[in-house]
Amino acid sequence: MAFHPRKTRDYGCWLNYERLPKGLWQRYSGQFSTVSVRNAGGLAPAIEEELKRGLEGLLGQSPRLVEDLEAAAVTVCAPGDEADTGGEESFRLRVQEDQGQLKVSITSAGERGLLYGTFAFLRALQLGQIAGGFESADGPRTPLRLLNHWDNLDGSIERGYAGRSIFFQDNRLVEDLDRVRDYARLLASIGINGVVVNNVNVSREATELIGSKVGMVKTLAAIFRVYGIRLFLSINFASPLEFGLDTADPVNSQVQNWWKERAAKLYAEIPDLGGFLVKADSEHRPGPFTYGRTHVEGANMLAEALKPFGGVVIWRCFVYNCQQDWRDTKTDRARAAYDHFQPLDGRFADNAVLQIKNGPVDFQVREPVSPLFGGLERTNQILELQITQEYTGQQRHLCYLVPMWKEVLDFDTYARGPGSTVARIVTGSVFPMHWSGIAGVANVGSDPNWTGHTLAQANLYGYGRLAWDPGLPTEQITREWVVLTFGHEPAVVQTVEDLLLGSWETYENYTVPLGIGWMCNPGHHFGPSPEGYEFSRWGTYHRADCTAIGVDRSVKRGTGYAGQYRPENARLYESVQTCPEELLLFFHRIPYTHVLKSGKTLIQHIYDTHFEGVEQVEQMIEKWKQIEEKVDPETFAHVLQRLEEQLEHAREWCDVINTYFYRFTHIPDAQGRKIYP
Ligand code: GCV
């Protein structure tokens with residue numbers, strides 16, 4: 001399948017391979033003229049093509065493919081020296097210099113390691129790191145590095161902000177499957193090894209992906225396979241009902257056999273299928289509860305069916321009562337995932353994996369880390385992050401999420417004493433696990449730049465790099481993305497980095513304060529609506545009145561949520577004095593006159609951060625304008641338009657939120673700024 005020539009520069013994302021700047025070009029010019037790829041199996045064409053594209057783009061010289069490993073300047077070869085490799089996805093990249101000629105060797109025990117090593121070489125080349133003596137032994141810290149697509153077969157995407165599905169339209173596959181291949185290439189370049197192609201809310205049509213529409217899955221799997229990526233499917237737990245059985249009860253032997261047969265049929269078509277992702281007993285999706293069964297019974301039944309084929313079942317922990325009465329102050333949605341799943345620890349099958357959202361509620365701009373991390377000791381588990389910006393500006397606002405994810409990954413659960421971070425849990429270093437890793441809800445669609453906002457590409461890149469190695473520093477990931485995407489020009493690098501790195505805090509400043517969450521419009525979740533969820537059934541209340549705001553989640557006086565953490569964190573969150581202030585309103589009910597560590601009252605803090613957030617967006621626009629001459633005109637105009645839109649929205653947020661609290665409290669802004677009466 002040939003690459004489709006794309007018109008816009010932004011389509012290429014971080015793989016544009018534009019000519020290196022003069023200094024680097026001079027350093028590398030004439031090098032890497034021959035390439036030899038050996039034992040790369042089905043991935044050989046992708047590796048060879050990447051080296052050609054990369055070297056031709058960066059240096060303007062297309063390398064020649066040669067047979068003889070000894071004679072080649074770049075060799076990509078498996079198996080490498082056994083001692084060199086940490087597994088079939090790991091690689092060793094070595095550069096030697098002999099009389100001015102650089103010789104690059106990429107070795108691995110497996111084909112995928114060679115592919116990842118190839119991308120790593122091209123990245124290091126662009127960053128100017130390749131030199132005699134350069135050596136890097138690298139490999140993924142996590143076995144599951146997944147993207148979850150919430151794509152529907154009709155082509156719509158649940159919470160998609162970048163156009164339509166790149167996989168489906170009108171209950172068929174899209175015509176432009178070259179784009180799927182381009183996507184697989186982007187994902188492989190950041191080490192993603194599994195993709196769930198359909199929405200966890202599985203429609204009637206999508207249920208057919210394990211029936212009459214299996215051909216679609218087969219086609220997609222073949223495209224992803226070229227880049228070493230396995231395909232997964234979201235399945236409907238009640239599928240047996242759709243296919244003529246009268247029950248989906250997981251302990252019913254007919255149901256069990258039905259799933260076993262179904263798995264056998266699927267694997268006959270797609271032998272490397274990764275497995276299933278399941279949203280069960282969650283937001284009206286069917287699940288084992290319908291039959292009075294547990295999540296263990298549900299998940300293990302599917303695990304059993306997938307086991308002979310090496311598949312895994314990924315079972316989501318996003319389970320809570322979505323029919324709550326707002327008058328009910330005893331039920332606390334934040335508690336739900338832990339209450340449901342922690343008691344089941346140790347009972348899931350070896351090939352069942354729990355997928356846990358980073359926070360206890362739902363991808364708000366600020367949430368504490370789910371207490372299930374550290375609460376589950378004997379269960380395979382992966383972290384679920386949301387790359388698509390549902391509550392964080394929907395890719396119309398710039399909100400770079402890597403700093404937020406790093407906070408999640410660096411969170412110390414104390415599960416095995418200090419240092420038991422989420423990063424170490426999801427890499428399987430705190431508790432032994434058969435499967436661990438990270439899943440991210442994808443942010444791409446059919447827009448020419450993939451992500452709606454070109455700078456939102458950084459979230460996809462950053463996600464992949466963190467899934468590969470959760471220990472990578474934010475600064476390194478950011479620098480890589482900026483240089484690969486925009487080149488080396490110092491003013492551009494500095495400006496784009498500044499914009500990205502400040503953007504999460506800025507977004508938080510003008511939206512919802514101190515962990516309270518949910519002050520957005522119901523349904524589409526864009527724009528301010530302070531009471532949008534206040535009297536609804538979703539269990540997401542802030543309970544603001546004229547004296548105080550927040551939910552008391554302490555053990556002593558509140559819902560007891562704070563007690564779901566290990567003692568070190570439980571103690572921290574329990575008291576207003578020790579609770580980290582950015583989460584104060586998540587854990588406590590606080591009077592507006594409460595004085596924060598800054599010396600400001602809570603109400604003044606709310607006013608100040610909102611005005612500040614707007615000013616920060618104004619500054620972002622100014623900064624961006626300063627690099628107009630140095631950025632591709634289309635990209636410049638697009639980002640500027642998004643930032644201007646962001647400013648308008650930020651003002652709206654600021655005015656609505658400040659006015660809301662002013663009307664409750666009648667406390668004027670200490671600086672006398674305009675708040676609407
Ligand atoms: C796919 C949130 C989103 C839903 C999403 C759900 C989930 O509630 O708003 O669109 O459904 O999370 O993660 O299952």
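Counting starts at 1 for both ligands and their atoms, following the listed order.
For the pair R333 and Y320, the cation-pi criterion (under 6.0 Å, within 45° of the ring axis) is fulfilled. No cation-pi contact links R465 to W481, judged by a cut-off of 6.0 Å to the six-membered ring centre and 45° from its axis. Remark: R396 is positioned above the aromatic ring of F526, its terminal NZ or CZ atom under 6.0 angstrom from the ring centre and at most 45 degrees off the axis.
The shortest N/O to N/O separation between W150 and ligand 1 does not fall below 3.5 Å.
Ligand 1 places these atoms under 4.0 Å from at least one heavy atom of V200: 1 (C). Listed by number with element, the atoms of ligand 1 under 4.0 angstrom from any heavy atom of H525 are 9 (O).
The closest protein non-hydrogen atom to atom 1 (C) of ligand 1 is N201 ND2, 3.3 Å. K279 NZ, 2.6 Å is the protein heavy atom nearest to atom 14 (O) of ligand 1. Nearest protein neighbour of atom 8 (O) of ligand 1, counting heavy atoms only, is D362 OD2, 2.9 Å. For atom 12 (O) of ligand 1, the nearest non-hydrogen atom of the protein is K357 NZ, 3.1 Å. Among all non-hydrogen protein atoms, the one lying nearest atom 10 (O) of ligand 1 is E158 OE2, 2.5 Å. The closest protein non-hydrogen atom to atom 3 (C) of ligand 1 is E390 OE2, 3.4 Å.
Closest approach of T511 and I657 over heavy atoms only: O-CG1, 3.9 Å.
Residues that satisfy the side chain to side chain donor-acceptor pair (under 3.5 Å) test with E407, not counting sequence neighbours, are R366.
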Side-chain donor-acceptor pairs of residues 191-200 under 3.5 Å, sequence neighbours excluded:
residue	atom	partner	partner atom	Å
N193	OD1	R145	N	3.0
N193	ND2	E89	OE2	3.1
N193	ND2	P143	O	2.8
N198	OD1	S234	N	2.8
N198	ND2	S234	O	3.0
N199	OD1	N201	N	3.0
N199	ND2	N152	OD1	3.0
N199	ND2	E158	OE1	2.9

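In this structure, Q386 falls outside the shell of residues with a heavy atom less than 4.0 angstrom from ligand 1.
Proximity of a side-chain donor or acceptor of R553 to a complementary backbone N or O of G558 within less than 3.5 Å is not detected.
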